[in-house]
Amino acid sequence: MFETLRQLLWSNDLIYATLRLATPLLFAALGGLMCERAGVINIGLEGLMLGGALAGYLVALKTGNPWLGLLAAAVAGLLAAALFAVVVITFRANQIVAAVGLNILMLGLTGVALRAAIGLSQGQTPAPTIPIWKIPGLGDLPFVGPVLFAHLPLVYIVFVLVALVAFVFYRTTWGLAVRAVGEHPRAAETVGINVIRVRYLTVLWSGILAGVGGAMLSIGYLNTFQEGMTAGRGFIAFSAIIFGRWTPLGTMLASLLFGFADALQLRIQAFGVNIPYQFLVMLPYVVTLLALFGVGRSKAPAASGVPYVPGEE
Amino acid sequence: MTAFLRAEEITKIFPGVVANDRITIEVESGEIHALLGENGAGKTTLVNILYGLHRPDSGRIVLRGQEVQLRSSRDAIALGIGMVHQHFMLVPPLTVAENIVLGMPSPREPLLDLRPASREISRLSQTYGLEVDPSARVWQLSVGMQQRVEIIKALYRGADLLILDEPTAVLTPQEIGDLFNNLRRLKAEGHAVIFISHKLDEVMEISDRVTVLRDGRLVNTVDTAKTDKASLARMMVGRDVLFRLEKPPVTPGEAVLKVNGLRVMNDRGQTAVGGVSFDICRGEILGVAGVAGNGQRELVEAIAGLRPVVGGEINLGDHMTTYLQPGDLLDLNLAHIPEDRQKVGLVMEFSVSENLVARLFSRLPFARNGFLFLDVIRQNADRLIKEFDIRVPHAEVKARALSGGNQQKVVLARELSREPDLILAAQPTRGLDVGATEFVEHRILDQRSRGAAILYVSTELEEILSLSDRIAVMHRGEIMGVVRPGEVSEEELGLMMAGEKRRS
Ligand SMILES: Nc1ncnc2c1ncn2[C@@H]1O[C@H](COP(=O)(O)OP(=O)(O)O)[C@@H](O)[C@H]1O
Ligand SMILES: [Mg+2]
């Protein structure tokens, strides 16, 4: 028993899979983090990821180039986020309701678009995928090489992005403006910051990153698209922001935790432990719930979810 | 010599109100220019226009002899206009330095570099005697400190004209003294200052000229040295104002409220009220004096059932009410005029008519079996709006849209129209102008004549002295003594407020 547990947890595979599974979450979460800090709650990450997943698959399939697929995923996320931004920032719709609408829209739209593009029969046509890039030198190190340095390039990029987002938040005037807009938009406006513009740009950014995170699922780890294939990962990414207390580092750690939970359940399944797999599949979601209980009342940016009405109205 | 700023024939119309009606005002460099007027007179609207936050419907603004267009506050800042808003525009989780540089290009754009800013802040602090710690977080600062940050923020942006919208409303007398010294120094350095207030003493003390607004119109601009309080008050209110209250004689009846050894904690779990005892009788006003934050708020909340009692006893009439909830106390005819009318006294998103039944809506005559009688609620609103002279277009406007004075009238109307036995009035005139203050004080005196027992908390000594039958002075949660207004000097009261017990 004890030995089994040791084998289960103490393995290179588990660490490798944790990084692999955390990365799509972290992409979406880093996007969401930026717009949440500007005061826009974005539970539409789920739909944005799904849009990215489909666009990535279709374009990779049609052009034969996975990198073009990735670019398309970013553009798809951007366009869907632009729609969301118009609705919640310009028309000041309730952000939660609009995001739920976006998620349903993307679920339906991706299903229809898939069929329209490749017909009913060929749902399984494999697309070219983004190749793994073993970092020269580092990738050949014993033990750590294969675990840490033989991933999709996006895995390395996302951790660079964490540092970059942290830098932007705390070391640039733009980051200061974003933080101010999320806390007290009126104060930001009185010193000449364009609140609406800041919010638009951060929401668009969240679309790009969530789209890329989605594409990782379809043309990173698989070579196909399935309806609803994000399976709640956008919501988990959203939770990672909260569990991470709206900081880049915290969001990264939370994403790793949720990625770990997912890796663990896959590994338990592979081990053939006698637990119905349905329960195992629930594990990441249960961990997410428990984590959110655990954070208690952590403080969101003060203006979260409140549409901004500029002064002259 | 041309004026530093001249706003000509400024008109601003909001749906249903002419907030500014052809107002002309001139401000010189090296001048402190007071803008005086009752709540709703249009002071904030006018300065918002000067700061580019509102666009006037007509009129023009001439700055340093040239006509300017102010499309946003960015334009105003660039032209050397700075403003300290009535509600501070600071971001609480950010540091002082971050708040001050917010929205300004950094010397190492796009990188944020706070070091040169911190140096400049220190320099401004020294020049104008505005002491602040650039690395402190704003939420940790007292209100007076936050105001200094706002002033430095404007100066950092190179303001030649500084607009302060009701800057003294939130300050202690000590802090007001400091602010005035700072303003005098700014004036000596050649800055122009627009100082908004409705307190006549302050205007007389600090300003060189006064412009008086009433109902959106300009009444007059006068030299402060050539006018006096009475004529300013007349211009502001449009009639003569009595500065001394006429207090009708009332013979106090039996005790209504008996408080014995009451102990209450503050929000942080420290003792806020440390064993106080007193009685209040029918037809009597017990004034509670003291510097803000010495347990007055907790005392009132405990009696109102809003804060748990950890020791002692409260009796209302024949009932022991120590552990009762606000709803139960309502049945015992207790009225509460809370300190914070916007958060506690009113539901800002509800209409005036709804707010007028806010504590009573679930019972007769306003409802039965869970169904509201809307026509009764509407009639109730119409009657109270007339009776308490609440200035609203109609009863269905949201409380948020009302001026402070009218908001307080809604609270008074709801609480006093039930003819309560006990009234807890916590700073009921705070932030109100002469007219509204007078109104509140008269209503309280009417209740006293009717036979209500009244606990009246105020930090303004003058008000306590003129209203109270007896005065309890609080210091660090204890009562330093109970005195009668005729038998005590302001100096003696001041000493008690500072913690000296009265020997008697
Ligand atoms: N944004 C606004 N929308 C509609 N009415 C307003 C607005 N701001 C002020 N008002 C109205 O304009 C009048 C003047 O208000 P204000 O300038 O705030 O007065 P003051 O600062 O002298 O108390 C009031 O009747 C107020 O209700
Ligand atoms: Mg005002």
Side-chain angles (χ1 to χ4, degrees), chain A residues 33-34 36-39 92 94 163-199 201-202 205 245-248 250 297-313, chain B residues 12 14-15 45 48-49 51-57 70-79 81-95 97-114 117 137-139 146 149-150 153-154 156-157 159 163 165:
Chain A
L33 175 63
M34 188 72 100
E36 301 244 339
R37 284 300 290 257
R92 299 179 211 135
N94 180 298
L164 196 71
V165 168
F167 184 83
V168 168
F169 267 160
Y170 302 112
R171 294 271 185 276
T172 68
T173 50
W174 164 256
L176 183 63
V178 169
R179 286 185 285 147
V181 164
E183 290 289 342
H184 195 337
R186 181 75 66 194
E189 189 188 26
T190 58
V191 292
I193 291 171
N194 186 335
V195 174
I196 301 298
R197 181 166 163 269
V198 168
R199 290 201 167 165
L201 291 174
T202 57
W205 158 266
R245 289 167 185 265
W246 289 272
T247 64
R297 279 187 39 173
S298 70
K299 48 177 177 36
S304 278
V306 187
Y308 186 68
V309 186
E312 177 64 1
E313 283 181 53
Chain B
K12 176 76 191 176
F14 289 119
T45 304
N48 276 344
I49 289 170
Y51 192 61
L53 290 174
H54 288 320
R55 215 77 65 75
D57 293 309
L70 303 170
R71 277 177 211 88
S72 71
S73 46
R74 196 176 265 279
D75 292 349
I77 293 166
L79 288 166
I81 300 174
M83 176 143 144
V84 178
H85 297 260
Q86 196 164 356
H87 306 285
F88 296 155
M89 291 296 164
L90 296 172
V91 185
L94 300 185
T95 65
E98 284 174 331
N99 266 287
I100 289 173
V101 303
L102 184 63
M104 302 272 292
S106 143
R108 294 170 56 205
E109 199 68 25
L111 300 188
L112 182 65
D113 187 356
L114 293 174
R137 302 220 168 251
V138 162
W139 64 266
Q146 294 188 12
V149 176
E150 284 281 36
K153 193 168 119 187
Y156 184 83
R157 289 163 163 69
I163 301 168
D165 194 353

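Treat the numbers as computed from the prediction; the structure is a model and nothing was measured. We name chains A, B, ... by the order of the sequence lines, and we start the count at 1 in each one.
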Enquirer: Could you list which of residues 191-199 of chain A have a heavy atom closer than 4.5 Å to any heavy atom of chain B, in residue-number order?
Expert: A:Val191, A:Gly192, A:Ile193

Enquirer: May I ask you to name which of B:Ala78, B:Pro93, B:Ser72 has the most heavy-atom pairs under 4.5 Å with chain A?
Expert: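 Of B:Ala78, B:Pro93, B:Ser72, B:Pro93 has the most heavy-atom pairs under 4.5 Å with chain A.
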
Enquirer: Measuring only between side-chain heavy atoms, which start at C-beta, is A:Thr190 closer than 4.5 Å to B:Leu53?
Expert: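 Sidechains of B:Leu53 and A:Thr190: in contact.
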
Enquirer: Does the side-chain contact (heavy atoms from CB on, under 4.5 Å) test come out yes or no for A:Tyr170 and B:Leu112, once each step is laid out?
Expert: CA-CA 8 Å; A:Tyr170 302 112; B:Leu112 182 65; over 6 Å; no

Enquirer: Tell me, please, which residues at least two apart from B:Ala97 pass side chain to side chain contact (heavy atoms under 4.5 Å, CB included).
Expert: B:Thr95, B:Leu114, B:Ser118, B:Ile121, B:Pro134

Enquirer: Considering only heavy atoms, which portion of B:Arg157 lies under 4.5 Å from any heavy atom of chain A: side chain, backbone, both, or neither?
Expert: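 For B:Arg157, the side chain is the part near chain A, not the backbone.
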
Enquirer: Can A:Thr173 and B:Glu109 be said to form a side-chain contact (heavy atoms from CB on, under 4.5 Å), step by step?
Expert: CA-CA 7 Å; A:Thr173 50; B:Glu109 199 68 25; 2.7 Å; yes

Enquirer: Between B:Leu94 and chain A, which part of the residue has a heavy atom less than 4.5 Å away: side chain, backbone, both or neither?
Expert: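 Answer is side chain: those atoms of B:Leu94 sit under 4.5 Å from chain A.
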
Enquirer: Would you mind telling me which of B:Glu98, B:Lys153, B:His87, B:His85 has the largest number of heavy-atom pairs within less than 4.5 Å of chain A?
Expert: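 The residue among B:Glu98, B:Lys153, B:His87, B:His85 with the greatest pair count is B:Glu98.
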
Enquirer: For side-chain contact (heavy atoms from CB on, under 4.5 Å), just list the numbers for B:Val101 and A:Leu176, CA-CA rounded to whole Å, side-chain angles, deciding distance to a tenth of an Å, and then say yes or no.
Expert: CA-CA 9 Å; B:Val101 303; A:Leu176 183 63; 3.9 Å; yes

Enquirer: For B:Leu102, is it the side chain, the backbone, both or neither that has a heavy atom under 4.5 Å from a heavy atom of chain A?
Expert: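 When you check distances to chain A, atoms from both the backbone and side chain of B:Leu102 fall under 4.5 Å.
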
Enquirer: Could you give the distance from OG (B:Ser73) to NE2 (B:His54), rounded to the nearest 0.5 Å?
Expert: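 It is 11.5 Å, given to the nearest 0.5 Å.
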
Enquirer: For the residue pair A:Tyr308 and A:Arg92, confirm or rule out a side-chain donor-acceptor distance under 3.5 Å.
Expert: no

Enquirer: Take B:Ile77 and B:Tyr51 through the test side-chain contact (heavy atoms from CB on, under 4.5 Å) and record every step on the way to the result.
Expert: CA-CA 8 Å; B:Ile77 293 166; B:Tyr51 192 61; 3.6 Å; yes

Enquirer: Would you indicate whether the side-chain heavy atoms of B:Ile49 and B:Leu70 approach each other to under 4.5 Å?
Expert: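 Side chain of B:Leu70 against side chain of B:Ile49, heavy atoms only: no contact under 4.5 Å found.
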
Enquirer: Name the region of B:Met83, side chain, backbone, both or neither, that has any atom closer than 4.5 Å to a heavy atom of chain A.
Expert: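 The answer is neither part of B:Met83.
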
